[in-house]
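The structure appears right after this line, and notes come after that.
We name chains A, B, ... by the order of the sequence lines, and we start the count at 1 in each one.
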Amino acid sequence: MSETQNNVPEVDENKIIAERRAKLNALREIGHSYPNTFRRENTSAELHGKYDGMSKEELAEAEPVRVKVAGRMMLRRIMGKASFATLQDYEGRIQIYVTRDELPEGFYNEQFKKWDLGDIVGAEGTLFKTNTGELSIHVDHIELITKSIRPLPDKFHGLQDQEVKYRQRYVDLIVNEESRETFIMRSKIVQHVRNFLIEKGFMEVETPMMHVIPGGATARPFNTHHNALDMPLYLRIAPELYLKRLVVGGFEKVFEINRSFRNEGLSTRHNPEFTMVEFYSAYTDYHQLMDYTEELLKELAELTVGSTTVPYQGQEFDFGKPFARLTMKDAILQYNPDVTAEQLDDLEAAREVAKSLHIKIEDSYGLGKVLTEIFEETVEEKLMDPTFITEYPAEVSPLARRNDKNPFITDRFELFIGGRELANGFNELNDAEDQAERFRAQVEAKEAGDDEAMHYDEDYITALEHGMPPTAGEGIGIDRLVMLFTDKPSIRDVLLFPHMRPAS
RNA sequence: GGGUCGUUAGCUCAGCCGGUAGAGCAGUUGGCUUUUAACCAAUUGGUCGAGCGUUCGAAUCGCUCACGACCCA
């Protein structure tokens, strides 16, 4: 049974909409049919770029410059027989000057003056500058291209209602410049990450988003069902295991930028679907990945902020100096001066430390998990400037390779900025027997009640048994990256269509 | 899951000591050929998020619910 709503909604009608519909009906009677015949030849930004530098006199004395633009009418000032209006296209705004006597008989009063803010129009004419020096188009042909039935939000205050911004992003994008800029920046950031990896010799791939066994992370998946095959499927929680299968297959440097899905709560940092870049490189190690990450983030700071000092919500993060690198244990000691190194080497002592810090510890936790809990509770949120934390315990790193000298820890790091985890990378576990053992431990945890623990992925073990070269891999959260570089407090501000509860 | 705050005209917001709803913008009508949040004059527009209660009377007080924002777990 489908619960999808197929109800046709009742017509949402208020006086303004009714009046606009009446105008549209009048237009239909004289043949308007949402025409797709107007071809613009110029954009607002192009014209400002070329002609803003010319003075009023230079423009007036030069050969007349004919231009043809289209856009949404955002402002209009009618002054009797002449009007100014502001058209907005995807790059910006341009002012047009419309006079009664240069349009066909009756057009100015019977058509143009009846158009509404929000309508999309095309205009042709010659460039000039107004007395106050604004580049404008003296129009001799103008036409209504698309009638808008719905009124726009306040022309000065824009759209303020946070909920409507998220639910009706198209309206937000029409009226709020800042919102447009955020998503343009997001696109540039993703583009830069992609180019960065391609220049480093990585190959972009696409792996399944519907998994038979959800793997590659510890998280609850979304469940779905394949009707023809009559089998359960899961939306992926990470692409990791498929990307590493490709490394087994001989694609030694691969990456994927796309969505993963986790069936967990919503917050200012969590959306059920989110975007990660994951990349894997054979014959290298996690130190190389930290170097790549540092290089990439410094470039992104330059690209987005134009500086190595990144402002975020009233704070500033320093991307100029080399990123700090310290081990999880050293980090705990540094931020908990009362704790000694010896206490962190012994399970019972570490439990006591956690208890004194009011951290909940389950009986099943080993020393590695206890240390990680202490780290997450007392250190994470204090790591402001970019900081790599290394030497994550094997217990909390089921896919990472153990350190050669100390099998308690893995060759793994996470990157923190502004108290938030931005990236996670490690030397990949390519010992199939060790991996099988780790999967078994995860299954035990799952059977003991940890519903975030991993499944045993037999085919992945088979892939590793064919031999995966030594490989390092990393995931970077794109949404959090964009939040950081666009100074946005909520993940919803950097998602075009964030998940919302259905409006009542 | 818990707490705080919010939801009033298409938009941005007042009103909240309970007495039956206001402004600006947008819209409509009129005026205005270099304005720029244009301006001037007149004017239309509201199940005050939903429901229940208290009261002679509720946008306003109380309770429940919905959605959102922030904080905490």
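Atom P of nucleotide B:A26 and atom CD1 of A:Ile17 are separated by 18 Å, given to the nearest angstrom. When the P atom of B:C11 is taken as reference, atom CD of A:Glu163 falls 12 Å away, rounded to whole Å. Residue A:Asn176 contributes atom CG, which lies 12 Å from atom C1' of B:U12 at whole-angstrom precision. Atoms OH (A:Tyr108) and C1' (B:G31) sit 12 Å apart, rounded to a whole Å. Straight-line distance from the CG atom of A:Asp172 to the C1' atom of B:C11: 14 Å, rounded to whole Å. A straight line from CD of A:Gln160 to P of B:A14 spans 12 Å, rounded to a whole angstrom. At whole-Å resolution of the value, CG in A:Asp493 and C1' in B:G68 are 13 Å apart. Computed from coordinates, the A:Phe84 CZ to B:A38 P distance equals 12 Å when rounded to whole Å.
To the nearest whole angstrom, the two P atoms, one in B:C16 and one in B:U7, are 13 Å apart. Nucleotides B:U35 and B:C71 have their C1' atoms positioned 47 Å apart, rounded to a whole Å. Only the C1' atoms considered, B:C67 is 29 Å distant from B:G27, to the nearest whole Å. If you take atom C1' in B:G22 and the same atom in B:C48, they sit 12 Å apart, rounded to whole Å. Here the separation of B:C56 from B:G45, taken at their C1' atoms, is 31 Å to the nearest Å. B:A41 sits 37 Å from B:A58 when the C1' atoms are compared, rounded to a whole Å.
The shortest heavy-atom contact between A:Pro386 and A:Asp318 is CD-O, 3.3 Å. The two residues A:Gln88 and A:Ile174 come nearest to each other via the heavy atoms NE2-O, 2.8 Å. Contact between A:Leu103 and A:Thr99 at its shortest, heavy atoms only, is CG-O, 3.6 Å.
Atom CG in A:Leu496 sits 8.0 Å away from atom OG in A:Ser179 (nearest 0.5 Å).
At the phosphate of B:U28, OP1 or OP2 sits under 4.0 Å from a side-chain N or O atom of A:Lys23. Distances shown here put every side-chain N or O of A:Arg100 at or beyond 4.0 Å from the OP1 or OP2 atom of B:U33. Proximity of A:Arg77 to the phosphate of B:U35: no side-chain N or O atom is located under 4.0 Å from OP1 or OP2. Close to B:G45, at under 4.0 Å from its OP1 or OP2, lies no side-chain N or O of A:Lys15.
The listed nucleotides are B:U35, B:U33, B:U34; the one nearest the side chain of A:Ala82 is B:U33. Taking every side-chain heavy atom of A:His157 into account, B:U12 is the closest of B:U35, B:U33, B:U12. Looking at the side chain of A:Arg501, the nearest of the listed nucleotides B:C11, B:G68, B:U35 is B:G68. The side chain of A:Ile78 lies closest to B:C32 when the candidates are B:C70, B:G27, B:C32. Here B:A38 is the nucleotide among B:A26, B:U12, B:A38 with the atom lying nearest to any side-chain atom of A:Met79.
Listed for the A:Arg269 side chain is no donor-acceptor partner under 3.5 Å among the backbone atoms of A:Ile491. With A:Lys129 contributing its side chain and A:Met54 its backbone, the two residues share a donor-acceptor pair below 3.5 Å.
Put simply, the side chain of A:Asp154 and the base of B:G24 share a donor and an acceptor less than 3.5 Å apart. One N or O donor and one acceptor, one from the side chain of A:Gln95 and one from the base of B:U35, sit under 3.5 Å apart. Residue-to-nucleotide contacts include a donor-acceptor pair under 3.5 Å from the side chain of A:Tyr97 to the base of B:U33. In the interface, the side chain of A:Thr130 is paired with the base of B:U35 through a donor and an acceptor atom under 3.5 Å apart.
Checking B:G6 for Watson-Crick or G-U wobble geometry (two distances, each under 3.5 Å) identifies B:C67 as its partner. Base pairing analysis places B:G1 opposite B:C72; the two distances defining the Watson-Crick or G-U wobble pair are each below 3.5 Å. Searching all strands for a Watson-Crick or G-U wobble partner of B:A38 with both distances below 3.5 Å returns nothing. In this structure, B:G19 and B:C56 make a Watson-Crick or G-U wobble pair, each of the two defining distances being under 3.5 angstrom. For B:U33, there is no paired nucleotide, since no Watson-Crick or G-U wobble pair has both relevant distances below 3.5 Å. B:C48 makes up no base pair with any nucleotide shown, lacking Watson-Crick or G-U wobble contacts both under 3.5 Å. Nucleotide B:U43 forms a Watson-Crick or G-U wobble pair with B:G27, both donor-acceptor distances falling under 3.5 Å.
Using cut-offs of 30° and 60° on the angle between ring planes, the pair A:Phe375 and A:Tyr392 is perpendicular.
Within the 4.0 angstrom heavy-atom criterion, only backbone atoms of the sugar-phosphate kind lie near A:Lys155; the bases stay farther away. At the heavy-atom level, A:Asp101 lies under 4.0 Å from base atoms of the strands shown. Across all strands shown, A:Tyr166 has heavy atoms under 4.0 Å from sugar-phosphate atoms exclusively, and none from any base. Within the 4.0 angstrom heavy-atom criterion, base atoms lie near A:Ile16. Heavy atoms of A:Lys360 sit nowhere under 4.0 angstrom from any nucleic acid atom. Residue A:Arg492 is in sugar-phosphate contact alone, with no base atom involved, counting any heavy-atom pair closer than 4.0 Å across all strands shown. At the heavy-atom level, A:Ser83 lies nowhere under 4.0 Å from the strands shown.
Residue A:Arg20 is the one, among A:Ala85 and A:Arg20, whose nearest nucleotide of RNA chain B lies closer to the 5' end (criterion: closest heavy atom). Looking at which nucleotide of RNA chain B each of A:His138 and A:Pro489 is closest to, the 5′-most match is held by A:His138.
Taking the six-membered ring wherever Trp is involved, the centroid distance between the rings of A:Phe112 and A:Phe107 does not fall below 6.0 Å. In summary, the aromatic rings of A:Tyr234 and A:His211 are positioned with their centroids too far apart to meet the 6.0 Å limit.
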